[in-house]
Amino acid sequence: VQLQASGGGLVQAGGSLRLSCAASGSTFNIKYMGWSRQAPGKERELVASITSGLNTRYADSVKDRFTISRDNAKNTLYLQMNSLKPEDTAVYYCAALDRSLYWGQGTLVTVSS
């Protein structure tokens with residue numbers, strides 16, 4: 001499984017961004033997909049996850065602001081991020097789990113105050 005993330009950028013506080021993660025390769029066994037982020041000097045944290053049955057979970061810090069979704073027909077994962085805060089600044093990574101855990105390259109999100 002290969003993952004290609006895109007959509008990061010610079011946005012002002014209160015703004016929105018949508019991240020995308022295109023999956024290719026042997027994707028039919030993917031059970032979970034998710035987004036993690038790593039801010040400078042901090043550990044990577046799981047932001048949101050979604051199962052093949054479209055059940056979702058969110059970190060408390062992003063609940064009600066971020067929405068994770070997936071288009072199984074397009075093998076693409078999304079993260080809609082609204083009401084962005086400076087503390088959301090981080091490199092965002094998509095991940096997929098079947099029998100192994102796969103990571104995409106990160107995409108940088110910078111939120112200015």
Side-chain angles (χ1 to χ4, degrees):
V1 176
Q2 294 80 44
L3 303 173
Q4 180 72 39
S6 61
L10 174 64
V11 63
Q12 288 189 332
S16 298
L17 279 176
R18 188 175 83 154
L19 305 183
S20 299
C21 177
S24 60
S26 301
T27 61
F28 53 87
N29 281 326
I30 292 176
K31 301 174 182 62
Y32 296 93
M33 298 190 78
W35 291 95
S36 293
R37 67 185 181 186
Q38 187 164 20
K42 295 189 177 181
E43 294 186 354
R44 190 175 298 192
E45 63 169 340
L46 180 63
V47 171
S49 64
I50 186 167
T51 68
S52 55
L54 305 183
N55 294 310
T56 58
R57 286 191 173 185
Y58 297 93
D60 288 342
S61 57
V62 306
K63 205 170 291 184
D64 299 326
R65 298 189 299 120
F66 289 11
T67 302
I68 190 171
S69 61
R70 62 190 286 180
D71 185 332
N72 289 330
K74 294 182 178 179
N75 290 325
T76 302
L77 177 72
Y78 303 99
L79 185 68
Q80 177 66 43
M81 305 185 295
N82 298 328
S83 302
L84 282 161
K85 304 176 181 180
E87 51 263 44
D88 294 318
T89 294
V91 178
Y92 284 71
Y93 299 89
C94 58
L97 177 68
D98 54 15
R99 287 170 290 184
S100 298
L101 180 61
Y102 302 91
W103 291 98
Q105 93 291 358
T107 185
L108 177 63
V109 172
T110 303
V111 184
S112 63
S113 56

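Side chains are part of it too, since the values below use all heavy atoms of this structure and drop only hydrogens, waters and symmetry mates.
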K.L.:
Is it possible for you to say whether Val62 and Leu54 belong to one hydrophobic cluster, with membership spreading through side-chain heavy-atom contacts below 4.5 Å?
P.N.:
yes
K.L.:
Working to the nearest 0.5 Å, report the span between CD of Gln12 and OG of Ser113.
P.N.:
9.5 Å
K.L.:
Is any side-chain heavy atom of Leu46 closer than 4.5 Å to a side-chain heavy atom of Ser36?
P.N.:
yes
K.L.:
Scan residues 87-113 for pairs that pass salt bridge (Lys or Arg N to Asp or Glu O under 4.0 Å), counting only residues two or more places apart or in two chains.
P.N.:
Arg37-Asp88, Arg65-Asp88
K.L.:
Working to the nearest 0.5 angstrom, can you tell me the gap between Gln80 CD and Ile68 CD1?
P.N.:
12.0 Å
K.L.:
Give every residue pair that meets the disulfide bond (SG atoms under 2.5 Å apart) criterion with at least one member in residues 1-112, sequence neighbours excluded.
P.N.:
Cys21-Cys94
K.L.:
Side chains of residues 1-8: which donor-acceptor pairs under 3.5 Å do they make with residues two or more places apart or in other chains?
P.N.:
residue	atom	partner	partner atom	Å
Gln2	OE1	Ser24	OG	3.4

K.L.:
If the condition is side-chain hydrogen bond (donor to acceptor under 3.5 Å, both in side chains), which residues does Ser16 pass it with, not counting sequence neighbours?
P.N.:
Asn82
K.L.:
Can you tell me how far the CD1 atom of Ile30 sits from the CD1 atom of Ile50, to the nearest 0.5 Å?
P.N.:
12.5 Å
K.L.:
Please identify each residue that fulfils side chain to side chain contact (heavy atoms under 4.5 Å, CB included) with Arg57, with sequence neighbours left out.
P.N.:
Ser49
K.L.:
Apart from Leu101 itself, which Ile, Leu, Val, Met, Phe, Trp or Tyr residues share its cluster (side-chain heavy atoms under 4.5 Å, direct or through members)?
P.N.:
Tyr32, Val91, Tyr93, Leu97, Trp103, Leu108
K.L.:
If you round to the nearest 0.5 Å, how far is CG of Leu19 from CH2 of Trp35?
P.N.:
4.5 Å
K.L.:
Please answer whether the main-chain N or O of Val111 pairs with a side-chain N or O of Thr89 as donor and acceptor at a distance below 3.5 Å.
P.N.:
yes
K.L.:
Can you list every pair that meets salt bridge (Lys or Arg N to Asp or Glu O under 4.0 Å) and has a residue in residues 4-26, with sequence neighbours left out?
P.N.:
none
K.L.:
Sequence neighbours excluded and cut-off under 3.5 Å, please list the side-chain donor-acceptor pairs for residues 70-78, or say none.
P.N.:
residue	atom	partner	partner atom	Å
Arg70	NE	Asn72	OD1	2.8
Arg70	NH1	Thr51	O	3.3
Arg70	NH2	Asn72	OD1	3.4
Asp71	OD1	Ala73	N	3.1
Asp71	OD1	Lys74	N	3.2
Asn75	OD1	Thr27	OG1	3.4
Asn75	ND2	Thr27	OG1	3.4
Thr76	OG1	Lys74	O	3.0

K.L.:
Tell me every residue that passes side chain to side chain contact (heavy atoms under 4.5 Å, CB included) with Lys63, counting only those two or more places apart in sequence or in another chain.
P.N.:
Tyr58, Asp60
